Amino acid sequence: MSEKVAIPTDEAPPVLHDLQDGVGIITLNRPRVHNALNDAARAALKEALIWARDNDAVRAVLLQGAGRSFCSGRDRNGFLETGKHASHRELILAAQELRLLQCELGKPSICALHGHAIGAGAELALGCDFRIAGADLKYSFPEVGFGVVSDTGSSALLTRLLGPARAKWLLASGDVMDARQAADWRLVEWVVETTELADAAFEKAARLARRPPAALRKQSELIDAAAPALLRQALSREMEAQLELFAGSEFALIREQGFQAHG
């Protein structure tokens with residue numbers, strides 16, 4: 001593996017960012033918990049995405065995870081609790097604002113997936129333009145099993161990739177997909193050996209970074225012309241659905257029984 005794209009294994013800070021050959025490399029950096037997202041990690045990821053968006057030297061973005069996994073979802077410490085947020089609405093809104101920021105970078109983005117990409121991690125991958133997977137990938141949306149729904153745009157982003165029937169099945173069943181099935185279903189564009197993932201992902205991002213940026217951006221805007229409005233509509237619907245579920249008896253019972261029993 002090339003030294004310049006070696007995946008770091010430190011735990012602090014929770015997200016790293018670096019610029020190499022026009023590629024803004026953003027690394028989730030909580031490997032001991034499979035890069036689970038807590039409030040600090042989300043805040044650091046937001047800062048990294050803003051850095052990539054506003055830095056003219058960044059011509060493409062590569063999102064990756066340190067250690068054994070890309071991202072195992074929301075941190076189970078305080079899982080689905082409001083934490084620092086005043087309400088569930090504020091909690092959801094913070095996550096949705098992060099997804100909008102990611103989807104509206106104005107620069108091509110590639111997600112390098114390996115190990116677990118679960119829940120919020122799977123949704124984070126959907127927010128990138130392209131996905132490349134290591135052969136050890138395990139990809140799933142377990143939210144319905146916890147009595148909630150995916151609430152950061154999956155109803156639009158996943159349907160756009162897979163079509164409605166496959167999107168419904170993946171979100172409803174919680175099935176875990178391996179790398180080959182994910183490629184067959186068009187969840188990922190490429191599959192490589194996990195040991196080759198960092199270099200392969202960087203090479204693809206660097207190729208995009210070498211393209212004329214104004215033309216590249218216009219071409220992406222033409223393909224994605226309807227996507228921003230559809231995403232915002234989906235986020236609004238997901239917000240209302242999620243708040244209804246949070247207030248319902250089904251979610252209360254599952255929380256009382258323990259989320260682990262339903263994961």
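All figures in this text were calculated on a predicted structure; none of them were measured in a lab. What you see below is based on every heavy atom in this structure, not just the backbone, and it leaves out hydrogens, waters and symmetry mates.
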- Are Leu98 and Val149 grouped together when hydrophobic residues (ILVMFWY) are joined by side-chain heavy atoms under 4.5 angstrom apart? no
- Supply the atom-to-atom distance Glu240 CD to Ile92 CD1, rounded to the nearest 0.5 angstrom. 8.5 Å
- Query: Does a salt bridge link Arg160 with Asp224, judged by any charged N lying under 4.0 Å from a carboxylate O?
  - Reply: yes
- Query: Okay, side chain of Ser140, backbone of Asp175: is any donor-acceptor separation there less than 3.5 Å?
  - Reply: no
- Specify the closest pair of heavy atoms between Tyr139 and Ala125, including all atoms of both residues, with the distance to one decimal. OH-CB, 4.0 Å
- Query: Is there side-chain contact between Asp75 and Arg30, with heavy atoms separated by less than 4.5 Å?
  - Reply: yes
- Residue pair Leu37 / Arg74, side-chain heavy-atom distance below 4.5 Å: no
- Check Asn29 against Ala66 and note the closest heavy-atom contact, atom names and distance. OD1-CB, 3.5 Å
- Is any side-chain heavy atom of Glu90 closer than 4.5 Å to a side-chain heavy atom of Leu93? no
- Item | Minimum heavy-atom distance Ala179-Gly134, with the two atoms named | CB-O, 3.4 Å
- Decide whether His116 and Ser69 meet the rule of one side-chain donor and one side-chain acceptor closer than 3.5 Å. no
- Under a 4.5 Å side-chain heavy-atom rule over Ile, Leu, Val, Met, Phe, Trp and Tyr, are Leu157 and Trp169 clustered together? yes
- Item | Stepwise side chain to side chain contact (heavy atoms under 4.5 Å, CB included) check, Arg42 with Leu45 | CA-CA 5 Å; Arg42 285 194 194 90; Leu45 179 56; 5.6 Å; no
- Parallel, tilted or perpendicular: which describes the rings of His88 and Phe246, with under 30° parallel and over 60° perpendicular? parallel
- Are Leu230 and Leu101 in one and the same hydrophobic cluster, where Ile, Leu, Val, Met, Phe, Trp and Tyr link if side-chain heavy atoms are under 4.5 Å apart? no
- Closest approach of Leu208 and Leu216, non-hydrogen atoms and distance? O-CD2, 3.6 Å
- Query: Hey, what do you get for SG (Cys111) to CD (Glu189), rounding to the nearest 0.5 Å?
  - Reply: 10.5 Å
- Residues Arg217, Glu221; criterion salt bridge (Lys or Arg N to Asp or Glu O under 4.0 Å); working and verdict: CA-CA 6 Å; Arg217 181 168 185 166; Glu221 288 174 353; 3.4 Å; yes
- Stepwise, does the side chain to side chain contact (heavy atoms under 4.5 Å, CB included) test hold for Phe70 with Leu197? CA-CA 11 Å; Phe70 170 65; Leu197 177 62; over 6 Å; no
- Query: How about Leu243 and Arg89: do any of their side-chain heavy atoms sit closer than 4.5 Å?
  - Reply: yes
- Note on the structure: Interatomic distance, CZ@Phe141 vs CG@Leu126, rounded to 0.5 Å, equals 4.5 Å
- Query: Is there a donor in the side chain of Arg99 and an acceptor in the side chain of Gln102, or the other way round, less than 3.5 Å apart?
  - Reply: yes
- Query: So do the side chains of Trp185 and Leu161 get within less than 4.5 Å of each other, counting heavy atoms only?
  - Reply: no
- Item | Common cluster, Leu171/Leu245, ILVMFWY with side-chain heavy-atom separation under 4.5 Å | no
- Item | Short side-chain to backbone donor-acceptor contact, Asp136 and Gly115, under 3.5 Å | yes
- Item | Rounded distance [0.5 Å steps], CG in Leu187 versus CG in Leu158 | 6.0 Å
- Item | Ser154 versus Glu238, closest heavy-atom pair with distance | N-OE2, 3.4 Å
- Got more than 12 heavy atoms from elsewhere within 6.0 Å of CZ, Arg166? yes
- Query: When rounded to the nearest 0.5 angstrom, what distance separates CD1 in Ile118 from OG in Ser72?
  - Reply: 6.5 Å
- Among the clusters formed by ILVMFWY side chains lying less than 4.5 Å apart, do Met239 and Val144 turn up in the same one? no
- Between Thr159 and Pro164, is there a donor-acceptor pair closer than 3.5 Å when you use the side chain of the first and the backbone of the second? no
- Task: Quick one: do Val188 and Met177 satisfy side chain to side chain contact (heavy atoms under 4.5 Å, CB included)? Show the steps, please.
- Result: CA-CA 11 Å; Val188 303; Met177 286 197 166; over 6 Å; no
- Query: In Å, rounded to the nearest 0.5 Å, how long is the span from CG of Leu105 to CG of Leu100?
  - Reply: 11.0 Å
- Message: Using a 3.5 Å distance criterion without hydrogens, assess whether the side chain of Gln242 forms a donor-acceptor pair with backbone atoms of Asp151.
- Response: no
- Item | Pairwise side-chain contact, Phe202 with Asp21, heavy-atom cut-off 4.5 Å (strictly under) | yes
- Query: Just wondering, do Arg211 and Gln219 contact through their side chains at under 4.5 Å, heavy atoms?
  - Reply: no
- In short, Ala52 meets Val61 closest at the heavy-atom pair CB-CG2, 3.9 Å
- How about Ile25 and His17: do any of their side-chain heavy atoms sit closer than 4.5 Å? no
- Message: Using side chain to side chain contact (heavy atoms under 4.5 Å, CB included), reason through Leu231 and Cys103 one step at a time and then give a plain yes or no.
- Response: CA-CA 9 Å; Leu231 176 59; Cys103 291; 3.8 Å; yes
